[in-house]
Amino acid sequence: MAQHKIGLIMNGVTGRMGTNQHLIRSIVAIREEGGVLLDNGDTLLPDPILVGRNENKLKALSDKYGVERWSTDLDAALEDSYNQIYFDSQTTVRRAEGIRQAIKAGKHIYCEKPTATSVEESLQLAKLANEAGVKNGVVQDKLFLPGLLKLKRLIDSGFFGEILSVRMEFGYWVFEGDWQEGQRPSWNYREEDGGGIIVDMFAHWRYVIDNLFGPVRSVSCLGATHISERVDEQGERYKCTADDAAYGTFELDGGIVVQANSSWAVRVNRDDLLTIQVDGTEGSAVAGLRDCKTQHRINTPKPVWNPDIQNPHDFQAQWEDVPDNKVFDNGFKVQWELFLKHVFANQPFEWDLLEGAKGTQLSDLGLQSWKERRWIDVPELKL
């Protein structure tokens, strides 16, 4: 069987997400496995060129992970016909310009989200890619988490009966940077640099909700900047101008209500950094990043409110684990493999730039709802 190579521009991989999830755990891992296995038995080996602004960081990554090509010249990488795919994991404020350049150069597009800083610009990118005839995709990694795959298994099986409501809790305490170094880059807390948890997380919630429970029809959102001052990577104090918490409610088809709390100023007292509880007429489930547990109608206890006695129930023990029943690979890597096969072998890939624009749309409408303190309808986006 034959092995095929495909040139891949990776722009912005010196950042935390680009390095860990996209370079190391996806492309490097695929290369170490010998490439992506195609249906005809051939393999497809991604051949990346690392692109960015910091020569030292690029060279260090290249040396450490055996990547032969790197450059600070994006134009030259785009001019090289060997490179068929452009991937972008830069900060949000830089992403749209890089994607426009790549579309103009005829490259297929794969990128992180948000795809741009506004829904208008995100939709424009989708239109440009469609008009240019280039294949395009957006990272929607949480769909490939083991916990959410198990949750999808339950939904597809009809376990819940009629789904009534969904409660999502996401977040953790991000250190302010004074007595302990923060876990996230400082730009996340500056609106002028594209920061804010609504811009960041509502793009995720859009594809999670749409793909698992149904289209979002309206949104009500309250944002907050709970931590007003932080310390940046240089040890300098700065004023936080972006929201670090968001309290959202979404209405879906059929009257399903989704509540989603997102916060970088919350201490975790739950099973995981992300938990999604789904309640239905026939049963309920709680999914985390890797695990999922259920409680069916016939196993539901009958608690009675009585604050004068000790609680007689061990509520946590009354749930059952959903078994793995398979080996789960890294979600970023799985989607990379699907997109590579989409480009090379024309296999289906449904998470395109239009889907990315839907995420930006929900972020924009969430911000508008917060500003105007009212419910906002979510219109259908079309190219």
Side-chain angles (χ1 to χ4, degrees), residues 140-171 201-221 246-262 269-306 311-328 331 334 350-351 355 358-359 362 366 375-378 380:
Q140 307 212 319
D141 53 284
K142 288 178 175 52
L143 293 177
F144 302 93
L145 289 170
L148 270 69
L149 290 172
K150 294 174 186 178
L151 186 57
K152 182 68 162 57
R153 188 192 305 167
L154 292 169
I155 294 170
D156 292 345
S157 74
F159 170 83
F160 295 103
E162 179 188 353
I163 293 179
L164 306 173
S165 65
V166 181
R167 285 184 292 281
M168 303 168 63
E169 290 284 346
F170 166 78
M201 295 311 303
F202 274 38
H204 288 283
W205 302 155
R206 181 65 187 270
Y207 70 74
V208 167
I209 294 170
D210 278 3
N211 281 271
L212 291 180
F213 310 113
V216 179
R217 298 306 185 192
S218 60
V219 56
S220 171
C221 176
Y247 308 95
T249 306
F250 310 98
E251 187 177 28
L252 316 187
D253 281 347
I256 297 174
V257 177
V258 179
Q259 296 169 288
N261 292 330
S262 315
N269 184 16
R270 52 185 185 273
D271 290 340
D272 215 328
L273 299 184
L274 168 66
T275 58
I276 302 176
Q277 176 161 340
V278 183
D279 290 306
T281 55
E282 297 297 316
S284 298
V286 179
L289 301 181
R290 299 197 63 83
D291 299 321
C292 185
K293 55 188 179 182
T294 62
Q295 187 173 95
H296 193 266
R297 181 184 185 186
I298 61 172
N299 301 118
T300 301
K302 190 178 182 180
V304 177
W305 174 261
N306 189 347
N311 171 40
H313 294 280
D314 182 356
F315 290 109
Q316 296 295 321
Q318 294 165 347
W319 295 73
E320 293 183 307
D321 290 329
V322 177
D324 289 353
N325 288 349
K326 62 176 293 186
V327 176
F328 296 100
V334 170
E350 59 191 276
W351 309 282
E355 292 300 304
K358 291 179 182 178
L362 191 62
W375 280 88
I376 305 287
D377 288 337
V378 181
E380 184 177 357

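Atom CD1 of Ile376 and atom CG of Leu362 lie 11.5 Å apart (nearest 0.5 Å). How far CG of Leu149 is from CZ of Arg290: 10.0 Å, rounded to the nearest 0.5 Å. Here the CD atom belonging to Gln277 is positioned 7.5 Å from the OG atom belonging to Ser165, to the nearest 0.5 angstrom. A distance of 9.0 Å separates CG in Leu212 from CG in Asp156, rounded to the nearest 0.5 Å. Note that CG of Leu148 is 11.0 Å distant from CZ of Phe328, once rounded to the nearest 0.5 Å.
Partners of Phe160 by ring-ring contact (aromatic ring centres under 6.0 Å, His included), not counting sequence neighbours: none found. The side-chain hydrogen bond (donor to acceptor under 3.5 Å, both in side chains) search around Arg270 returns none, not counting sequence neighbours. Residues passing the ring-ring contact (aromatic ring centres under 6.0 Å, His included) test with Phe213: none are found, sequence neighbours excluded. Residues passing the side-chain hydrogen bond (donor to acceptor under 3.5 Å, both in side chains) test with Arg167, sequence neighbours excluded: Asp279. In terms of the side-chain hydrogen bond (donor to acceptor under 3.5 Å, both in side chains) criterion, Glu380 has no residue partners (sequence neighbours excluded). Applying the side-chain hydrogen bond (donor to acceptor under 3.5 Å, both in side chains) criterion to Asp272, with sequence neighbours excluded, gives no partner residue.
A donor atom on one side chain and an acceptor atom on the other are not found under 3.5 Å apart for Glu162 and Thr281.
At least one side-chain heavy atom of Thr249 sits under 4.5 Å from a side-chain heavy atom of Trp375. Val208 has its side chain out of reach of Gln140: every pair of non-hydrogen atoms, C-beta onward, lies at least 4.5 Å apart. Residues Asp141 and His204 have side chains in contact (heavy-atom distance under 4.5 Å, counting atoms from C-beta outward). Using a 4.5 Å cut-off on side-chain heavy atoms (C-beta onward), His296 and Glu320 make no contact. When side chains are defined from C-beta on, Trp351 counts as touching Asn211, because their heavy atoms get closer than 4.5 Å. Residues Gln259 and Asn261 form no side-chain contact, since every pair of their non-hydrogen atoms from C-beta on lies 4.5 Å or further apart. Side-chain contact check for Leu252 versus Val216: some heavy-atom pair is nearer than 4.5 Å.
Side-chain atoms of Asn311 come within 3.5 Å of backbone N or O of His313 as a donor-acceptor pair. Between the side chain of Lys150 and the backbone N or O of Lys293 there is no donor-acceptor pair closer than 3.5 Å. A donor-acceptor pair under 3.5 Å is absent between the side-chain atoms of Asn299 and the main chain of Gln295, judged by distance alone.
Heavy-atom minimum distance, Asp324 versus Arg153: O-NH2, 3.0 Å. The minimum heavy-atom distance linking Gly147 with Ala287 is given by the pair O-CB, 3.6 Å. The two residues Met201 and Ser262 come nearest to each other via the heavy atoms CB-OG, 4.3 Å.
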Going through the distances and angles, do Arg217 and Val378 end up as a side-chain contact (heavy atoms from CB on, under 4.5 Å)?
CA-CA 5 Å; Arg217 298 306 185 192; Val378 181; 5.7 Å; no
Assess the residue pair Asp271 and Asp291 against the criterion (side-chain contact (heavy atoms from CB on, under 4.5 Å)); give the C-alpha distance rounded to whole Å, side-chain angles, the decisive distance to 0.1 Å, and a yes or no.
CA-CA 9 Å; Asp271 290 340; Asp291 299 321; over 6 Å; no
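Each of Tyr247, Phe250, Phe170 was compared with Phe202 under the ring-ring contact (aromatic ring centres under 6.0 Å, His included) criterion, and only Phe250 meets it.
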